Structures are given as C-alpha cells and as structure tokens.
Amino acid sequence: GEDVEQSLFLSVREGDSSVINCTYTDSSSTYLYWYKQEPGAGLQLLTYIFSNMDMKQDQRLTVLLNKKDKHLSLRIADTQTGDSAIYFCAESMRGSARQLTFGSGTQLTVLP
Amino acid sequence: EAQVTQNPRYLITVTGKKLTVTCSQNMNHEYMSWYRQDPGLGLRQIYYSMNVEVTDKGDVPEGYKVSRKEKRNFPLILESPSPNQTSLYFCASSLRDSSYEQYFGPGTRLTVT
C-alpha cells in the first residue's frame, strides 16, 4: 500500500533556511501536499504540487519534487519562531480526500 | 466565519463508557471525515462521508461508528472505548471529495483509562 515517510525532528536557528524532506512510494500519486499543525490546532494546508511539476514557490516556501526518486521537500526561507510546528507531507491520487495518505510529521523547532 | 468545530476538545473517560465526539461545519460541505493522530503514525482516516446518509470505512474503522443525518454534522461514536483509542481526533470537511480544499477542526484529545 501507499507509504509516506518523514524524519521526526528538525531544529534550525532563526533566520536560517529549513528543509523538510519526505519520500513516498505510490508512483501514481498526482497531488502532493504540505500541511502545518501548530500546537493545539488542526491542520492547515500550506501548499500543494501536482506530480507534473518540479517546483513551486510561494513567498518563503519552496516545494521541490523529484518524481523519479519519489522525493518531496519543503524549504522555508528565513525561518522564524512562528514557523515552529509539525509539518506533514501527504499524497493523494487524483486529489481525492478519501485517498489522502499522511506521513508521520516532522516537528520543526526554531531556536533563537 | 467558515469553520469546522469539534466538541469536546478534551475528554478523559473510562473503558467501556460510550461517548460521542461531535463535529459540525458551516460551509455546506458534502464531504466529511474523521482522522486519528498518533505519535509517529501521522493521521489515519477512520470514516468518511460523501454526503447525507452516505458513510464508509477508512483505514482504521474498528471500534468506531459514525452517522450523517444532516449535512452539517458528522458525529464520531465510540460504543465501548478502550485504552488503545486514546488519541487525538480530527474532523475535516470539504465541498466535495477534494483533498486540496479540506478544512480541519481543532482536534479532540481523548484519553481512555
């Protein structure tokens, strides 16, 4: 079945760039997502990328997709303390919510 | 304000005592679902509903029930809770079965002793 893997923890200094990595196994995934979960809150969709794209940039966020290696990354430029959260990678076939598979989440800690 | 609400936000209960976690959305969404979040496992789907009176099992449905009598509400029912159902639960909704426009509730932390 589908599997999405992420490392569990990442620490960076304020002002540095953060790179959160994710690998997935389902080659038929067409939508790949990054969600952010702040303490005590639900998930917030940060950005998504279609499988026919290599890169997507949105302000401080850059998503890179290597479809050959089934590797997705989220780069946060100029990381701030407000970026401290859990970041989930997820994939879906045809954009279906029924078929949305989440990774385990990466806890990003931004140090002053 | 468009939102998904869940109640209660925190609940401690004992094994075997039936409980219901409510979920309500004010966006006239057709699709609703329940997830549980456990450390190191991410979110796993429990049940989903494509519309009123249409529900189906997700990946981890054992020990849970749902109902969808009205479009806005999608309660999660634990008939006989057990300690392995201690978890953080999220309700989500979207206009249709579309993962790029899902709204998530704030979560319900359930502890079963």
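Quick note on labels: first sequence line is chain A, next is B, and so on, each numbered from 1. All values derive from a computational prediction rather than experimental measurement.
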Note to self: Looking at B:Ile77, I want to see if its CD1 is surrounded by more than 12 non-hydrogen atoms of other residues, nucleotides or ligands under 6.0 Å.
What the structure shows: yes
Check: Are B:Tyr103 and B:Leu76 joined in one hydrophobic group, where the rule is that I, L, V, M, F, W and Y side chains link up if heavy atoms are under 4.5 Å apart?
Finding: no
Note to self: Membership question, hydrophobic clusters at under 4.5 Å side-chain separation (ILVMFWY): are B:Met32 and B:Val60 in the same one?
What the structure shows: yes
Margin query: If hydrophobic clusters are built by linking Ile, Leu, Val, Met, Phe, Trp and Tyr wherever their side-chain heavy atoms come under 4.5 Å apart, do A:Phe102 and A:Ile86 end up in the same one?
Written below: yes
Margin query: Is there a side-chain contact between A:Leu100 and B:Gln102 in this structure, where contact means two heavy atoms from C-beta onward sitting under 4.5 Å apart?
Written below: yes
Item checked: Atom group of A:Leu43 that falls short of 4.5 Å from chain B, counting heavy atoms -> both
Check: Looking at side-chain heavy atoms only, is the closest gap between B:Leu88 and A:Gln37 below 4.5 Å?
Finding: yes
Check: In the single-linkage hydrophobic clustering (I, L, V, M, F, W, Y; side-chain heavy atoms under 4.5 Å), do A:Leu64 and A:Tyr87 co-cluster?
Finding: no
Checklist line | Atom pair CG (B:Asp38) and OG (A:Ser104), whose distance is rounded to the nearest 0.5 Å | finding: 12.0 Å
Next item on the list: Flag the one option from B:Arg109, B:Gln45, B:Gln6, B:Gln37 with the top tally of heavy-atom pairs under 4.5 Å to chain A.
Entry: B:Gln37
Item checked: Heavy-atom donor-acceptor pair, A:Arg98 side chain to B:Ser49 backbone, under 3.5 Å -> no
Next item on the list: Against chain A, work out which of B:Ala92, B:Ser98, B:Gly107 has the most heavy-atom pairs shorter than 4.5 Å and name it.
Entry: B:Ser98
Note to self: If hydrophobic clusters are built by linking Ile, Leu, Val, Met, Phe, Trp and Tyr wherever their side-chain heavy atoms come under 4.5 Å apart, do A:Tyr35 and B:Leu43 end up in the same one?
What the structure shows: yes
Notebook entry, point to check: Of the backbone (N, CA, C, O) and the side chain (C-beta and beyond), which part of A:Ser96 lies under 4.5 Å from a heavy atom of chain B, both, or neither?
Noted result: both
